[in-house]
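Contents: one structure, followed by commentary.
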Amino acid sequence: MLFLKSTSGKVKQYPEEEQDEKNKKINETYCCKSLTVWRKSLLFSCKGFTVIGSDGRLLYRVDNYTGHPNQIILMDGSGNPIFTICKHKKLGLIDNWLIYEGEVGEDCSMKKTSKKPIYRARKNLNIIQTNLNVLAYVYGGMSDKRYAYMIEGSYANRSCRILDDSRTVVAEIKTKEAVNGGVSYGLEVFLLIVRPGFDSRFAMAILLLLDQMFS
């Protein structure tokens, strides 16, 4: 808490709202991770993603869209698997996407694996939901009824917010503007902004989920 000393010698306290706003601006300016996402694989024969950090280092990559449309692997810059994301085929209206830690060797799209998913996601269907701004929900397990994360906005316009169960924004997807002239890079190159305390690897996994659902 910041204080100012008045002319009378008394200590004057800043209003709590003013201090919260100052802290918010400090966090957003100095603590957020800004990742540049390129919707293209570095490998010639693959579709995928390339993610660059603010220091220019290759952080994450996806190279395996072509061979496994329902199973993609998020890797670090060295090619080590971080998460495997599978579209789980099931009867009914709602498809589920499952997130596994590491690499799953088997065909996990039909749950032919001994591994248990660490997260489950589903696309929001307007016919059963009143909030049209919600794109998807992410759950902490197969049986969880309460969502762990909710995604709002428009992935088609690269304008999304990822919120936790207390509706705190933990990450955002934004268009990337050119430094000179303010021209947008379009839909193939955009930004993933990750707030302090949230895992950028998982934020990228959610971005891949949205791309699977809405592309």
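Numbering starts at 1 and runs along the sequence shown. Computed from heavy atoms alone, side chains included, the values below leave out hydrogens, waters and symmetry copies.
- The closest side-chain heavy-atom distance from Ser200 to Leu59 is not below 4.5 Å.
- Between Phe202 and Tyr119, the ring centre distance stays below 6.0 Å.
- Taken to the nearest 0.5 Å, the CZ atom of Phe190 stands 4.0 Å off from the OH atom of Tyr155.
- Leu35 places a side-chain heavy atom less than 4.5 Å from the side chain of Tyr60.
- Linking Ile, Leu, Val, Met, Phe, Trp and Tyr whenever their side-chain heavy atoms come within less than 4.5 Å leaves Ile52 and Ile193 in two separate clusters.
- Distance CZ/Arg61 to CE/Met75: 4.5 Å, rounded to 0.5 Å.
- Summarising the local packing, CZ of Arg57 is surrounded by 12 or fewer heavy atoms from other residues, nucleotides or ligands at distances under 6.0 Å.
- Counting only distance, with no hydrogens or angles, the side chain of Ser78 and the backbone of Asn80 share no donor-acceptor pair below 3.5 Å.
- Between Phe198 and the choices Val170, Val169, Asp164, Thr168, the side-chain contact (heavy atoms from CB on, under 4.5 Å) rule is met once, by Val170.
- Shown here for Pro117 and Leu98, the closest heavy-atom pair between the two residues is CB-CB, 4.0 Å.
- Ring-plane geometry between Tyr147 and Tyr137 is classed as tilted, the angle between the planes lying from 30 to 60 degrees on a 0 to 90 degree scale.
- Put simply, OG1 on Thr50 and CG on Asp63 are 7.0 Å apart, with the number rounded to the nearest 0.5 Å.
- Contact of the Leu191 side chain with the Thr36 side chain is registered, since non-hydrogen atoms from C-beta on lie closer than 4.5 Å.
- In terms of hydrophobic clustering, with Ile, Leu, Val, Met, Phe, Trp and Tyr side chains grouped at heavy-atom distances under 4.5 Å, Tyr149 and Met213 are assigned to a common cluster.
- Scanning both residues, Lys47 and Ser41, for their nearest heavy atoms gives C-CB, 3.8 Å.
- Expressed to the nearest 0.5 Å, how far CZ of Arg39 lies from CG of Leu187 amounts to 8.5 Å.
- Closest approach of Gly102 to Thr84, counting heavy atoms only: O-OG1, 2.7 Å.
- Hydrophobic clustering, with ILVMFWY side chains joined whenever heavy atoms are under 4.5 angstrom apart, groups Met150 together with Tyr139.
- Using a cut-off of 4.0 Å between Lys/Arg side-chain N and Asp/Glu carboxylate O, Glu101 and Arg201 are scored as not salt-bridged.
- Closest heavy-atom contact between Asp199 and Val194: C-CG1, 4.5 Å.
- Looking only at side-chain heavy atoms (C-beta outward), Val138 and Ile151 come within less than 4.5 Å of each other.
- The hydrophobic cluster containing Ile73 does not contain Ile118, counting ILVMFWY residues as joined when their side-chain heavy atoms lie under 4.5 angstrom apart, directly or transitively.
- Here the shortest heavy-atom pairing between Leu135 and Cys160 reads CD1-SG, 3.8 Å.
- For the pair Leu207/Val51, no side-chain contact is recorded, criterion being any heavy-atom separation below 4.5 Å from C-beta on.
- Residues Leu163 and Val134 do not share a hydrophobic cluster, clusters being chains of Ile/Leu/Val/Met/Phe/Trp/Tyr side chains in contact below 4.5 Å.
- In this structure, Glu172 pairs ionically with Arg195, as a charged nitrogen and a carboxylate oxygen lie closer than 4.0 Å.
- Separation of atoms CD1 (Ile85) and CD1 (Ile72) is listed at 4.5 Å; rounding is to 0.5 Å.
- A 6.0 Å sphere centred on CD of Glu188 holds more than 12 heavy atoms belonging to other residues, nucleotides or ligands.
- Here the straight-line distance linking atom CZ of Arg161 with atom CD1 of Ile173 works out to 12.5 Å at 0.5 Å rounding.
- Closest approach of Ala171 to Ala203, counting heavy atoms only: CB-CB, 4.2 Å.
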